[in-house]
S.K.: 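One structure, pasted below without further comment.
For the single chain, residues carry numbers from 1 onward in sequence order.
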Amino acid sequence: MNIHEKFDGSPQQRRELWRLVTEQLDAFASDTESFPVAPLLEREKIKKWVEQPELDEGLGAEKALDHVLQGMKTYTVHTTHPSYYGLFNPRASFPSVLADTITAAFNPQMAAWSHAPFANEVESFLIGQLAGKLGYSNSDGVFTSGGAEANQTAVLCALNEHFPHYGQSGLMGIGKRPLLYCSTEVHHSVIKAARSSGLGSESVRQIPVDKSQRMDCIPLENAIREDIHKGHQPFMVIATAGTTGTGSIDPLKDVGKIVDNYGLWFHVDAAYGGALALSSRHRHYLQGIERSDSLTFDIHKWPSVPMGCSAFITSHEQILSKTFGTSTDYMPRDASGLPVIDPFTHSIQWSRRFIGLKLYLSLLAFGWNGYQQMIDDMMDRGEYLGKTLRKAGWQICNDANLPVICFTPGSEGKSVEQICREVVWSGKAWISVYPIDGIPALRACITNYLTSNTDVDKLVGLLERIRKGETLAPTSGA
Ligand SMILES: *Cc1c(COP(=O)(O)O)cnc(C)c1O
């Protein structure tokens, strides 16, 4: 076999392999429920599966495919399972899965506009659309690998806006300590962004939260005022719309007012909650977001596309170019006469995947109304979960507006950790534990558009059996 045949296969072989893949993937999609939600975590066995194939000559494409699919089916937490009540990891809509396949096949290079004009125009269009839904009138933005990259982009833009020479002289040129503010419930990607942008974690002021786990505005303003008095340089406030633990939304309007008073950059990490903007019924929870300077919105969470797909959106049209602008001799200049921006001058990434197609193809297929229907449906399901748990005597310990429910047994007996372990071991559902004010609670989040009220009933039934003392034999691993 020559190299051409090895790398590409013949048209006939390709058709056969496509058929195999689609058959197997479709069987999995139709039958996800028959798999344990979480796998047994038998590291040695998994390692052996990964390492055992003969690699000098390879297995041939067909056997290789079987090997990989077997591994994926057996040793994965099935986030696409309707009884996965986890950490915002969705089941991906079918058009979005097709989109990722198309992207891989064409492999467009997004770095230069002229190399991928269709793909680049799609992404610019989508950024504008999302910005409009979130209430921005002027906007710019960029698709990112995830919320972590979007939050890092935000910190870098804020630094460049607030300290005009940051790009040249870095933090050394600032002289004073720049400070950013967020709540104690902030996602840790913000701390990482502070560490990797040179600020250091000591430049992050984590403000206490109120009883609903929302950033408390009084200590926020006090901290800013005190820090200015001490000679520091506050430059940014990050509010969260949909915290990871309890799905809380910081008081965006009030935070916005404080930020305005002190002339700081206002970023909203709406990685999870941003999707509320797609529903006219629930958009009001995000009031105040339209006054922010930038926001993070993970498409690969609630909008249900494969990872990684997030958006950084800003109301400052020049700031991305100012932050990431650079010129080189080797990048194509074919578009130099056109009023377009080359994404490599606009983003942390250089070579970049066509991330936006997952959203574009989904939108073309079922429209914004499809998204609205999905969000409304999952919000209703969250409410039903809360109601059903309460009726069965569980105590709900958060009052989130989002479909994230934190709860405790409300009676003596097994610990929250033990109950969680047994749920996961059973292979019948996946939930987690999150401490609220230091007290551990069970956490279940509606993350899958397939999850029905019947599934919710099954989860509560399972919890009931475990609470009443039944011990389920481990079929999977926590
Ligand atoms: C998930 C999440 C992030 C991180 O996003 P990734 O897409 O995982 O990189 C940041 N902030 C919040 C609030 C999140 O929920």
S.K.: Taking C-beta and beyond as the side chain, do Ser139 and Glu317 meet within less than 4.5 Å on heavy atoms?
M.R.: no

S.K.: Counting only N and O atoms by type, is there a donor-acceptor contact under 3.5 Å from the side chain of Ser310 to the main-chain atoms of Phe297?
M.R.: yes

S.K.: Please name all residues satisfying ring-ring contact (aromatic ring centres under 6.0 Å, His included) with Phe344, sequence neighbours left out, ordered by chain then number.
M.R.: Trp350

S.K.: Could you check whether any side-chain N or O of Arg467 sits under 3.5 Å from a backbone N or O of Pro409, counting only pairs where one atom can act as donor and the other as acceptor?
M.R.: yes

S.K.: Within the 4.5 Å heavy-atom criterion, are Ser93 and Phe366 side-chain neighbours or not?
M.R.: yes

S.K.: Only one of Leu264, Val268, Asp293 clears side chain to side chain contact (heavy atoms under 4.5 Å, CB included) with Val237; which?
M.R.: Leu264

S.K.: Apply side-chain contact (heavy atoms from CB on, under 4.5 Å) to the pair Gln152 and Ser189, showing each step before the final yes or no.
M.R.: CA-CA 8 Å; Gln152 167 125 32; Ser189 57; over 6 Å; no

S.K.: For the residue pair Pro95 and Leu361, what are the closest heavy atoms and their distance?
M.R.: O-CD2, 3.2 Å

S.K.: Given Asp140 and Thr314, is the side-chain hydrogen bond (donor to acceptor under 3.5 Å, both in side chains) satisfied, shown in steps?
M.R.: CA-CA 5 Å; Asp140 189 20; Thr314 172; over 6 Å; no

S.K.: May I ask you to check whether over 12 heavy atoms, not counting those of Glu464, lie within 6.0 Å of atom CD?
M.R.: yes

S.K.: Within a radius of less than 6.0 Å around CZ of Phe94, do more than 12 heavy atoms belonging to other residues, nucleotides or ligands occur?
M.R.: no

S.K.: What heavy-atom pair brings Cys445 and Gly86 nearest, and what distance separates the two atoms?
M.R.: CB-O, 3.2 Å

S.K.: Go through it in stages, so that I can follow the logic: the residues are Asp269 and Thr296, the test is side-chain hydrogen bond (donor to acceptor under 3.5 Å, both in side chains), and I'd like the CA-CA distance, side-chain angles, deciding distance and then a yes or no.
M.R.: CA-CA 5 Å; Asp269 180 358; Thr296 290; 4.6 Å; no

S.K.: Given side chains that start at C-beta, do those of Ser203 and Leu180 come closer than 4.5 Å, heavy atoms only?
M.R.: no

S.K.: Closest heavy-atom contact between Pro403 and Gly382?
M.R.: CB-CA, 3.7 Å

S.K.: What residues, two or more places apart in sequence or in another chain, satisfy salt bridge (charged side-chain N to carboxylate O under 4.0 Å, His left out) together with Asp377?
M.R.: Arg381

S.K.: side-chain contact (heavy atoms from CB on, under 4.5 Å) between Ile127 and Val142: does it pass, once the steps are laid out?
M.R.: CA-CA 7 Å; Ile127 291 287; Val142 64; 5.6 Å; no

S.K.: Going by heavy atoms in the side chains, are Ser212 and Ser248 under 4.5 Å from each other?
M.R.: no

S.K.: Taking His300 for its side chain and Cys309 for its backbone only, find out whether a donor-acceptor pair lies under 3.5 Å.
M.R.: yes

S.K.: Would you say Ser280 and Gln372 are linked by a side-chain donor-acceptor pair, where the criterion is simply a distance under 3.5 Å?
M.R.: yes

S.K.: Salt bridge check, Glu123 against Arg352: does any charged N sit closer than 4.0 Å to a carboxylate O?
M.R.: yes

S.K.: Check step by step if ring-ring contact (aromatic ring centres under 6.0 Å, His included) holds for His346 and Phe324.
M.R.: CA-CA 5 Å; His346 217 60; Phe324 300 110; 8.2 Å; no

S.K.: Has Thr345 got a side-chain atom pairing as donor or acceptor with Ile341's backbone, closer than 3.5 angstrom?
M.R.: no

S.K.: With side chains defined as the heavy atoms from C-beta onward, is the minimum distance between Cys406 and Ile396 less than 4.5 Å?
M.R.: no

S.K.: Kindly state each residue pair satisfying ring pair (Phe, Tyr, Trp, His ring centres under 6.0 Å) with at least one member in residues 260-289, sequence neighbours excluded.
M.R.: Phe88-Tyr272, Trp265-His316, Tyr272-Trp302

S.K.: Quick one: salt bridge (charged side-chain N to carboxylate O under 4.0 Å, His left out) partners of Asp380, sequence neighbours excluded?
M.R.: Arg281

S.K.: Only pairs at least two apart or in different chains count here, so list each salt bridge (Lys or Arg N to Asp or Glu O under 4.0 Å) that has a residue in residues 162-186.
M.R.: Arg177-Glu202

S.K.: Quick one: do Tyr434 and Asn398 satisfy side-chain hydrogen bond (donor to acceptor under 3.5 Å, both in side chains)? Show the steps, please.
M.R.: CA-CA 11 Å; Tyr434 185 77; Asn398 66 326; over 6 Å; no

S.K.: Should the heavy atoms of other residues, nucleotides or ligands under 6.0 Å from NZ of Lys322 be counted, would the total exceed 12?
M.R.: yes

S.K.: Filter on side-chain hydrogen bond (donor to acceptor under 3.5 Å, both in side chains), then keep only pairs touching residues 439-451, sequence neighbours left out; what's left?
M.R.: none

S.K.: Going by side chain to side chain contact (heavy atoms under 4.5 Å, CB included), Trp394 matches just one of Thr408, Thr388, Leu463. Which one?
M.R.: Leu463

S.K.: Considering only residues two or more places apart or on different chains, which pairs with a residue in residues 134-167 satisfy ring pair (Phe, Tyr, Trp, His ring centres under 6.0 Å)?
M.R.: Phe163-Phe235

S.K.: I'd like to check the salt bridge (charged side-chain N to carboxylate O under 4.0 Å, His left out) partners of Glu33; sequence neighbours left out, ordered by chain and number.
M.R.: Lys458

S.K.: Looking at every non-hydrogen atom in both residues, tell me the closest pair between Ala116 and Met110 and how far apart they are.
M.R.: CB-SD, 4.2 Å

S.K.: Sequence neighbours left out, what passes salt bridge (charged side-chain N to carboxylate O under 4.0 Å, His left out) with Asp298? Give chain and number order.
M.R.: Lys301

S.K.: Does the Ser96 side chain pair with the main chain of Ala92, one donor and one acceptor, at a distance under 3.5 Å?
M.R.: no

S.K.: Given side-chain contact (heavy atoms from CB on, under 4.5 Å), test Leu171 with Ile174 step by step and report yes or no.
M.R.: CA-CA 5 Å; Leu171 292 174; Ile174 295 172; 3.7 Å; yes

S.K.: Any non-hydrogen side-chain atom of Ile228 less than 4.5 Å from a side-chain atom of Pro234?
M.R.: yes

S.K.: Using side-chain heavy atoms (C-beta onward) and a distance below 4.5 Å, is Val122 in contact with Phe354?
M.R.: yes

S.K.: With Ser114, which residues qualify under side-chain hydrogen bond (donor to acceptor under 3.5 Å, both in side chains), at least two apart?
M.R.: none

S.K.: Could you give all pairs that pass the ring pair (Phe, Tyr, Trp, His ring centres under 6.0 Å) test and reach residues 103-134, with sequence neighbours left out?
M.R.: none

S.K.: Counting only heavy atoms not in Gln418, do more than 12 sit closer than 6.0 Å to its CD atom?
M.R.: yes

S.K.: Over all heavy atoms of both residues, which pair between Thr103 and Pro108 is shortest? Give the atoms and the distance, please.
M.R.: O-CD, 3.5 Å

S.K.: Please examine the side chains of Lys211 and Asp437, heavy atoms only from C-beta on, and report whether any two atoms are closer than 4.5 Å.
M.R.: no

S.K.: With side-chain hydrogen bond (donor to acceptor under 3.5 Å, both in side chains) as the criterion, how do Thr240 and Thr243 come out once you've worked through the C-alpha distance, each side chain's angles and the decisive distance to 0.1 Å?
M.R.: CA-CA 6 Å; Thr240 308; Thr243 57; over 6 Å; no

S.K.: Side chain of Ser279, backbone of Leu276: donor and acceptor closer than 3.5 Å?
M.R.: no

S.K.: Mind jotting down which residue pairs meet the salt bridge (Lys or Arg N to Asp or Glu O under 4.0 Å) criterion with at least one end in residues 80-106? Sequence neighbours excluded, please.
M.R.: Asp100-Arg353, Asp100-Lys358

S.K.: Atom CD of residue position Gln373 - does it have more than 12 heavy atoms of other residues, nucleotides or ligands inside 6.0 Å?
M.R.: no

S.K.: Between Ile436 and Cys397, what is the shortest heavy-atom contact and its length?
M.R.: CD1-O, 3.7 Å

